[in-house]
There are 4 protein chains.
Amino acid sequence: MDAPTPPDRKRTAVTRDPERTRRSILDAATVEFTAKGLNGARVDDIAARAGANKRMIYHYFGDKEGLYLAALEETYVAIRAAEIQLKFTERDPVEGIRELIHFTWRYFVEHPEFLSMLGTENLHRARFLRQSKRIRELHSPLIGMLSDLLTRGAAAGTFRPNVDPVQLYISIAGLGFFYMSNRHTLSTIFGRELDATDALTERGDHIADVILSYLQRKP
Amino acid sequence: MDAPTPPDRKRTAVTRDPERTRRSILDAATVEFTAKGLNGARVDDIAARAGANKRMIYHYFGDKEGLYLAALEETYVAIRAAEIQLKFTERDPVEGIRELIHFTWRYFVEHPEFLSMLGTENLHRARFLRQSKRIRELHSPLIGMLSDLLTRGAAAGTFRPNVDPVQLYISIAGLGFFYMSNRHTLSTIFGRELDATDALTERGDHIADVILSYLQRKP
Amino acid sequence: MDAPTPPDRKRTAVTRDPERTRRSILDAATVEFTAKGLNGARVDDIAARAGANKRMIYHYFGDKEGLYLAALEETYVAIRAAEIQLKFTERDPVEGIRELIHFTWRYFVEHPEFLSMLGTENLHRARFLRQSKRIRELHSPLIGMLSDLLTRGAAAGTFRPNVDPVQLYISIAGLGFFYMSNRHTLSTIFGRELDATDALTERGDHIADVILSYLQRKP
Amino acid sequence: MDAPTPPDRKRTAVTRDPERTRRSILDAATVEFTAKGLNGARVDDIAARAGANKRMIYHYFGDKEGLYLAALEETYVAIRAAEIQLKFTERDPVEGIRELIHFTWRYFVEHPEFLSMLGTENLHRARFLRQSKRIRELHSPLIGMLSDLLTRGAAAGTFRPNVDPVQLYISIAGLGFFYMSNRHTLSTIFGRELDATDALTERGDHIADVILSYLQRKP
DNA sequence: CATGAATGAGATTTCATTCAT
DNA sequence: TATGAATGAAATCTCATTCAT
């Protein structure tokens, strides 16, 4: 009697590497959502860009919104991971603030996808962010660091007292965010190349100047 | 004997008033694009909200993108019209700057549609704004006003010299824009009610404080 | 007491000339139907081309199909009017046939709208033509003339006997029709400028040569 | 012992056979475009006739015009495939010409879709044909065969010399094309059943007679 | 785990026709 | 007679999602 012929399992060239497939879908999704928003992005395009089968998206992420949420979470995970590297404990308050500002500015310049995802998420009134327990638990260490620098600076008489760290953080971020995220309209309106390397450096210095002027002004 | 029957004039809801129809479509479009972006907005919903026939949208605006462009133009026309009311010629530079800041802040608070349209337009890399000769020719008077205040303030020794008015304008706008346009994610992340009336007033004062500290700091 | 004010009848610049309006609509319709067929033609475009109000089309012609039928009838009226000018009674049969051929060919060359309307009508399987009592009663005099020339030519021994005038007419027309009505595809396929003046003259001579060879061949 | 139960292969009506789906869409499209032209044909009707989902049309052919172009190409591919079967190399010129005529005539009689697609394409001034590299490269062998027969016939003294094969081909085709493609209007105008079997045979003979009279006439 | 053809619901757009003036 | 805004029905096209293999 014959042994049963083994199932003719076609061995595809494609990596049967689940984690890698997931990853490439997520990266592709971030690119597409960044470029076109939640509604403008196409599931087909994401699959094509990921070199993955469309079905896999549904397998890993449930549906388009699930994928968007995952991409949004990734975006936050990435910035938190970067923030966590910063250490200001031993630092001079002025230098610490300056570095925090430049870190934030640099992150915005180097991560346009973060700005774009934020814009998209706000268009949707943070509907997805609110759903994400994961993001909500991912506290930014920046507020704590800022708080520490402000306290020490105030104690040393260098900074004005009673500065609200959240208010200040929003200012630091806002000074950079608006410039970068709205660079397309601003460039058109003002006829300036806001993207130019020199312009970016200048903006970073300007932000630091503005914020430190505020902190160092005696009330 | 019967009273004469009144002429059976069917009072339709229909306006038969082209300018009004156009206007109501445009208003409805602004609401929808503001709430859902270019791709998320639905032509059907816009027509329904306008109380107009869908066909009219195509009659007046060509297609969905034409309508979006018209709504974007309207948005810019409106802010320019508000800006033009401001008069600082005779004003003390510090007071002038303060009013300019509060005007900008108030406009953002009262016109969320402006922020949203700006965000949407930037997601599309200013593709529509660039097409619009009308907007490009609609220069903001703010830069000129700011320039004048800065010159006078520097001459009087009140302000630091050589401040770039465009850079400064971007800072004034950015300090307000980020707070308002990203209030949904920020509220979620920081667990604060950024929308509260007190919070809004406080933010306005903070912005003025930050900007004036910068301008008044002696280099 | 005041005399009643006369009704404010706005006197438009536009000619209140019914016949002329009708005529211009009909001409515009012929152009549009010729260029795009029944389904491809647009009522709006016809009205615009006619410089008339769209409503007038419905007033004069009932609906789009009514207008198409009217244009089709016009087309037939025009060719019949041209045909009726021909007189062969006294003519030498060979010369008569030659002239009839050249007349037909010239008409096709000079009236592409006739060819196109014919093509369109055949696509619709003569649905409209069959409805038109007017066209059906508008007999072409050509068959009669042809018949007379054939009889006389046969009697004189110049032409072969028993030629079916309808069959022959279809041949004369077909030799010209196909060349002209299919000139776009034929030019593309054969890479020749069938529209060139010389080519048109040559074709006319060829058709006469073909037909006369047939008629004059002794069986 | 039991026979193994066959796998429960649900035999759906669905084909899940891409090539077959494509094919059936194409066939349905040809029928619809033939009957109603490019503008008159309905994508819905084509899908229904093909037993396919409308979406598939867009998947395989891009849009309605893409489908039309594909159908047009198919039509040309089919006639070229038929033409290629003809072999006249060894044939007596008169018999060869006669067969070529009858082939052409028969093809027109049996393939009304070819005539109709040609008519539609010419209404559109060969806009699609010109786009189609595929068709332009699909040279008809008929001109070559005709050329060969004419040369041999002239050498043998049977045919007149210097006959332009393109001119002659257009005549052969035109004598058949007009009769068939315009049979609806012609039948109505002349009150004859041009479609009747006898009429068709008679027409074929007439065409051969006309063409051979021309070729055999001594100049 | 992976594929990609297929689907249904719904989006945008078009168009002949009617209505209020 | 004339206007042109307005309409409803239907057309084309899109897209997230599912299904057979």
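What you see is a predicted model, and the numbers here were worked out from it, not measured in a lab. Residue numbering restarts at 1 for every chain, and letters A, B, ... go by the order of the sequence lines.
- Rounded to a whole Å, the CD1 atom of C/I46 is 14 Å from the C1' atom of E/dT17.
- Computed from coordinates, the C/I25 CD1 to F/dT1 P distance equals 12 Å when rounded to whole Å.
- Spacing between atom CG of C/D44 and atom C1' of F/dT7 amounts to 13 Å, rounded to whole angstrom units.
- Distance, D/R20 CZ to F/dT21 P: 13 Å, rounded to whole Å.
- Each of E/dC1, E/dT3, F/dA16 was ranked by its minimum atom distance to the side chain of A/V43; first place goes to F/dA16.
- A/A47 comes within contact range of no nucleotide atom at all, as no heavy-atom separation falls under 4.0 Å.
- Rounded to whole Å, atom P of E/dA11 lies 13 Å from atom CD1 of B/I57.
- As rounded to whole Å, 15 Å separates atom P of F/dA16 from atom CZ of A/R55.
- Nucleic acid contact class of A/Y60 (heavy atoms, under 4.0 Å, all strands): sugar-phosphate only.
- Between D/H59 and B/R42, the one whose closest nucleotide on DNA chain E sits nearer the 5' end is D/H59.
- For the pair C/N39 (side chain) and D/L38 (backbone), a donor-acceptor distance under 3.5 Å is absent.
- To the nearest 0.5 Å, the span separating CD on D/E32 from NZ on D/K36 amounts to 4.0 Å.
- In this structure, A/A71 and A/L26 approach most closely via the heavy-atom pair N-CD1, 3.8 Å.
- Shown here, E/dT21 forms a base pair with F/dA2; the pair counts as Watson-Crick or G-U wobble because both key distances fall under 3.5 Å.
- In this structure the side chain of B/F33 never reaches within 4.5 angstrom of the side chain of B/E113, judged on heavy atoms.
- Distance from the side chain of B/K54 is smallest for E/dT12 among the nucleotides E/dT12, F/dT18, F/dT7.
- In this structure, CE of B/M56 is placed 12 Å from C1' of F/dG8, rounded to the nearest angstrom.
- DNA chain E lies under 4.0 Å from at least one heavy atom of each of the following residues of residues 62-72 of chain B: B/D63, B/K64.
- Using a 4.0 Å cut-off between charged nitrogen and carboxylate oxygen, A/R130 and A/E121 do not count as a salt-bridge pair.
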For this session: Apply the test salt bridge (Lys or Arg N to Asp or Glu O under 4.0 Å) to residues C/R23 and C/E74: give CA-CA distance (whole Å), side-chain angles for both, the deciding distance (0.1 Å), then the verdict.
Result: CA-CA 10 Å; C/R23 184 76 251 162; C/E74 270 302 296; 3.1 Å; yes

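- The nearest heavy atom of DNA chain F to C/A52 and to B/R22 marks one nucleotide each, and the one closer to the 5' end goes with C/A52.
- The distance from the OG1 atom of D/T185 to the CG atom of C/L118 is 4.5 Å, given to the nearest 0.5 Å.
- Following rounding to the nearest Å, A/R23 (CZ) and E/dC1 (P) show an atom-to-atom distance of 18 Å.
- Side chains of A/F128 and A/Q131 form a contact here, defined as non-hydrogen atoms less than 4.5 Å apart.
- The side chain of B/Y58 places an N or O atom within less than 4.0 Å of a non-bridging phosphate oxygen (OP1 or OP2) of E/dT13.
- Within the 4.0 angstrom heavy-atom criterion, no nucleotide atom of any strand lies near A/A48.
- Taking 4.0 angstrom as the limit, B/N53 places a side-chain polar atom (N or O) nearer than this to OP1 or OP2 of F/dG8.
- The side chain of A/T21 contributes an N or O atom lying less than 4.0 Å from OP1 or OP2 of E/dA2.
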